[in-house]
Each structure stands twice: as structure tokens, then as C-alpha cells.
Amino acid sequence: MRQILWFRRDLRISDSALLHYAREDVLPLFIFDKNILDLLPRNDKRVSFIYQSVLSLKKQLQGLGLDLALFYGDPVEVLGSFVGEFDEVLCSCDFDAYAIKRDKEVEEFFPIRRFYDSFLIHPQEALKSDGTAYKVFTAFYKNLKPLWQSDSIEEYKISDTIKLSPYDYSFVPTLEDIGFEQQKLSDFLSESVDSLIAEFLPKLEKYQESRDYFALDGTSKLSTHLRFGLISPKQIFNQVKSYKNSEFFIRELFWREFYNSILYHFPYSQFENFNKKNILWNQNQEAFRAWCEGNTGVPIIDAGMQHLNATGEMHNRLRMVVASFLTKNLFLPWQWGAQYFALKLLDYETSSNVGSWQWGASTGADSVPYFRIFNPYTQSAKFDKEGIFIKSVLTELADVEPKLLHKENAEAIVNIKHSRAEAISKFKRV
Ligand SMILES: Cc1cc2nc3c(=O)[nH]c(=O)nc-3n(C[C@H](O)[C@H](O)[C@H](O)COP(=O)(O)OP(=O)(O)OC[C@H]3O[C@@H](n4cnc5c(N)ncnc54)[C@H](O)[C@@H]3O)c2cc1C
């Protein structure tokens, strides 16, 4: 059996379904996909992260006596050039609209064997007793109790029959060759997953209390590594499970599963309100630009957005606060915010992003009720009382007394109390 191992969002060698199901005579490859890359700006930070991760994967595979062939082009053409030389393509499942179309085209000339190793469960395996999908997280989670109560979940082992197919593996394009400039990434993004986990484990016990304080470093920061498969969710589960107070953290991993299940079963929700309510959002482009640029006059919003623009990162609590501000105070469509996050977030994942935006906009599955609206000033007073995060980004506010950062002022583009009341009355009408 001659197999192509097509690495995509699974850039690792441990708990790898591809390396487990590889038999003999394999061509491991990664394609820098022109169709995706050509749409991105030259300074896209994710491409720098993917590039460094692909080179690291190549090294790890070489350590196993294997290698990774690199390509820059259209995957259908690249794979098409191997017809007759290989019997099948092995790859990890990908459910976004482009990936589904691309894989269908490849399947016209190559059988594809897909593996579900980027998530803990396949959405088809987490259904209600009547065979329909869960729409509420708590019920979804409860149903999966046997899984999250287990001590560990079996990981894939590397097959011992793999033999590398002869090929010229020497081509390594530079970032410039594929149209991008090297971007500066935060140091933790160059750390190995093992060291990230080792740093996080001592914080795990206090995770539930500290995770919302965005000036503290209380979360795992694993989302980008998880997104591109440098670690699998199974591996994270297995590493944290035996630790004290790991339940709350594990529950967060299952939010990722829940949103994946929602997108899988309700693909329309990528673009439309999950609850199908017809909300007449404002269309104010100027207010949207101010939000994107972090220029709203509300310190916590501006610090969150400017930090996102500079680093590609944003703490979960800040994501919730800026999402609430956009959809409730500016009353702009959640789709605008979700699309902006899609351009900027290093850990961008369609399912988690869309699911979380709809949750915040009160249009989603298990969504926050429309009358629960975050007050950005109360949020910053609670979670960044001394203004440590805000001042680290908005350096021009360094000398401002912290409590003034949490007080509404005339410079803000919107009045929180009035806009809140207006949003509630608009929601009430639908
Ligand atoms: C508006 C909005 C958009 C978001 N977009 C994304 C996105 O595109 N990609 C993404 O990975 N996460 C997204 N999230 C969820 C969450 O903010 C990030 O997963 C988290 O901030 C990543 O940091 P961490 O790895 O330190 O998280 P930790 O707190 O350490 O959590 C561990 C892991 O659990 C998962 N997780 C945690 N919280 C959530 C959540 N609320 N929903 C789904 N999974 C969760 C992530 O995989 C995360 O890496 C979004 C949240 C909001 C409110």
C-alpha cells in the first residue's frame, strides 16, 4: 500500500492518526495552499506560526527516519501529480466550507481516508437519544460524562511498519517565497507544547478563580498550538486529568467540542443567526472602524482591540467584553466582529469563533439572554482593577488614576446606559 500522509491541521508526530495508520511506502507532505494564502495580507502572523511549526514537524519526522515534502501550490494540482504513484491519501478531517470542496475535488482521483483526531469526539457520536444534535452545552456535556470522567483517552501510536517513499525532500521554500514577511510572535508561541503544559500545570488548581483576570497569566495559552494540531485535545486531557481541580479546565475543552458539533450539525450558523431571529442591526461603518482600531474611547475595549491588532492574541474575558460592546452597545452585526477576528486571531477556529460570537450576541445555541449585557467599565473594574493590562497597551494612560479607567467619560463613542436600554428594547421586539 502506497500512501500519501497529508499533514494539514495536525502538525505533530505524537497521537497522530496519520502515523498510526501509515503502513509502508509513505510520502508525508505539507502543502502551503495558494488558494488560502493568496487571500491573506503579507504580514499575517498565523503564516509565520504555521511556517515555523511545519519546519519543526519536518525535523521531528526526520528524527523518526522519515521526512516531510513541502509544496507551495494548489492542493488539487499537487496531489493530482501523484496519481498512479500512490494508492490513497490519509488526512485529518476538516469541516470548513473551503476544505470540504477541496477534498471533494481530490477525491475525484484519489481515495481519501479521513481521521478525526483534532477533536475528542465526532459530532455524530454525541447525539440525543432521538438522534438529533444537542443545542445546549450543559446537556451536551452531561451526556459525555463517561468520556470526561475517564482517567485517560487512548492515544494513537506510531505504526512500526512505516517506510519512507523515495522522493526529493530537499525543497524548503522561504516565507518570502510563499509571499509573506516574517512576523514577530510572542515568546510563548515559539515554546514547545511540553513546556507550555509544564508552565500551566502549577496554575491548574487555581484556574477557575484566575482565568477571567486578563492581567494575570492564569490560562494555558494552548489554543494556537491546539488549532494547528501541535498538540491534540486528547493529549491535553491526558496530561491534566489526574491533577487536582482539573474539571473546570476540562469543561472548557468540551466547549470547543460543543461549538464544533454545532457548526457540523447546523452549518448555516457560520453565517446566520442560529436562533433564526431577525434582528435589525445597525450598519454604522464608522463605529465599526473605531471598534476595529481600538479607538472607541472606552479603555478596556481599546486596549483589548489594540492588543489583538498588535499580537493576534486576546484573552477570553476580553473577547466576551468586546463582543458584547460591538453587538449590544454599538448594535452591529456579530458577523462583522467574527470576520474581523477571523483576520486577526492566531487561534482562529471557525466553530469556536462563530459559536462564541453568537453566544455573546444572544443569537446562538445556549446563548446569553439578551438582557445580560456586559458593562465594559464594570468588567474592567472587576478584572483589571489597577489597570495593569489597560496601561500596558494604552501607554498614554500610564499616569491616569486606575479608578478613572473604569468610569464612563464623554470621549466614548457611545453611552453605555442608553445603548444598553435601546438594545434590550430592540431585542424585546423580536
Ligand atoms: C468572541 C469570541 C471568539 C472566540 N474565538 C475563538 C477562536 O477563534 N478560536 C479559539 O480557539 N477560541 C476562541 N474563543 C474561545 C476562547 O476565548 C479561547 O479559546 C481562549 O481564550 C484561548 O486561550 P487559552 O488557550 O489560554 O484558553 P484556556 O482557558 O487555557 O482554555 C483551554 C482550551 O479550552 C478551549 N476553550 C476555552 N474557552 C473556550 C470557549 N469559550 N469556547 C471554545 N473553546 C474554549 C480552547 O481550546 C483553549 O485553548 C473565542 C471566544 C470568544 C468570546
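These figures come from a predicted structure and were not determined experimentally. What's counted below: heavy atoms across the whole structure, side chains too, no hydrogens, waters or symmetry copies. Residue numbers count from 1 along this sequence. Atoms within each ligand, like the ligands themselves, are counted from 1 in listed order.
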task: Tell me, please: is Phe200 in heavy-atom contact with ligand 1, that is, under 4.0 Å?
output: no
message: Heavy-atom count check: over 12 atoms from other residues, nucleotides or ligands less than 6.0 Å from Lys135 NZ?
response: no
- line: Any heavy atom of Ile236 under 4.0 Å from ligand 1? The part involved is neither
statement: atom 23 (O) of ligand 1: closest protein heavy atom, distance to 0.1 Å, is Ser223 OG, 3.8 Å
- request: Using a strict 4.0 Å cut-off to heavy atoms of Asp347, name the atoms of ligand 1 that fall inside it.
  value: 7 (C), 8 (O), 9 (N), 10 (C), 11 (O), 22 (C)
task: Write out all pairs satisfying salt bridge (charged side-chain N to carboxylate O under 4.0 Å, His left out) with one or both partners inside residues 45-62, taking only residues at least two apart or from two chains.
output: Asp44-Arg46, Lys58-Asp67
message: Under the side-chain contact (heavy atoms from CB on, under 4.5 Å) test against Ser186, which residue among Glu191, Lys221, Glu313 passes?
response: Glu313
query: What protein heavy atom sits nearest atom 2 (C) of ligand 1, and how far away is it?
result: Ser356 CB, 3.3 Å
query: For atom 33 (C) of ligand 1, what's the nearest protein heavy atom and its distance?
result: Leu253 CD2, 3.9 Å
query: Does NZ or CZ of Lys234 come closer than 6.0 Å to the centre of the six-membered ring of Phe119, within 45° of the ring's axis?
result: no
- request: Within a distance under 4.0 Å of any heavy atom of Tyr348, pick out the atoms of ligand 1 and give their elements.
  value: 8 (O)
- prompt: Can a cation-pi geometry be assigned to Lys426 and Phe331, taking NZ or CZ under 6.0 Å from the six-membered ring centre and within 45° of the ring axis?
  reply: yes
- request: Name the closest protein heavy atom to atom 41 (N) of ligand 1, giving the residue it belongs to and the distance to 0.1 Å.
  value: Asn316 OD1, 3.9 Å
query: Does any non-hydrogen side-chain atom of Pro173 lie less than 4.5 Å from one of Leu70?
result: yes
statement: The atoms of ligand 1 lying under 4.0 Å from a heavy atom of Arg256, numbered in the order shown, are 43 (C), 44 (N), 47 (O)
message: A side-chain contact here means heavy atoms from C-beta on lying under 4.5 Å apart; do Phe115 and Cys91 qualify?
response: no
- prompt: Looking only at heavy atoms, is any part of Tyr207 under 4.0 Å from ligand 1, and if so is it the side chain, the backbone, or both, or is it neither?
  reply: side chain
statement: Looking only at protein heavy atoms, what sits closest to atom 6 (C) of ligand 1 is Arg319 NH1, 3.2 Å
- prompt: What atoms of ligand 1 come closer than 4.0 angstrom to any heavy atom of Phe249?
  reply: 30 (O), 31 (O), 32 (C)
message: Out of all atoms in ligand 1, which are within 4.0 Å of some heavy atom of Leu226? Include the element for each.
response: 47 (O)
message: What I want to find out is whether Glu408 reaches Lys417 closely enough, with some N-O distance under 4.0 Å, to be called a salt bridge.
response: no
query: Which protein heavy atom lies closest to atom 30 (O) of ligand 1, and at what distance to 0.1 Å?
result: Ser220 OG, 2.6 Å
task: With heavy atoms of Met320 as the reference, note each atom of ligand 1 found under 4.0 Å away.
output: 53 (C)
message: Any heavy atom of Lys221 closer to ligand 1 than 4.0 angstrom?
response: yes
- prompt: What protein heavy atom sits nearest atom 45 (C) of ligand 1, and how far away is it?
  reply: Glu252 O, 3.6 Å
message: I need the contact type for Asn353 against ligand 1. Using non-hydrogen atoms and a strict under-4.0 Å cut-off, is it side chain, backbone, both or neither?
response: both
message: Can you report which non-hydrogen protein atom sits closest to atom 8 (O) of ligand 1, along with the distance?
response: Glu349 N, 3.0 Å
query: Between Asp74 and Arg102, is there a salt bridge with N-O shorter than 4.0 Å?
result: no
- line: Under 4.0 Å between heavy atoms, the region of Tyr259 that gets near ligand 1 turns out to be side chain
- request: Report the C-alpha separation of Arg8 and Asp103 in whole Å, then their side-chain angles, then the decisive distance to 0.1 Å, and conclude whether the salt bridge (Lys or Arg N to Asp or Glu O under 4.0 Å) test is met.
  value: CA-CA 12 Å; Arg8 315 195 298 189; Asp103 292 359; 2.9 Å; yes
More than 12 heavy atoms from other groups under 6.0 Å of CD on Glu411: no
message: Here's one to test your reading of the geometry: is the NZ or CZ of Lys328 within 45 degrees of the ring axis of Phe371 and under 6.0 Å from its centre?
response: no
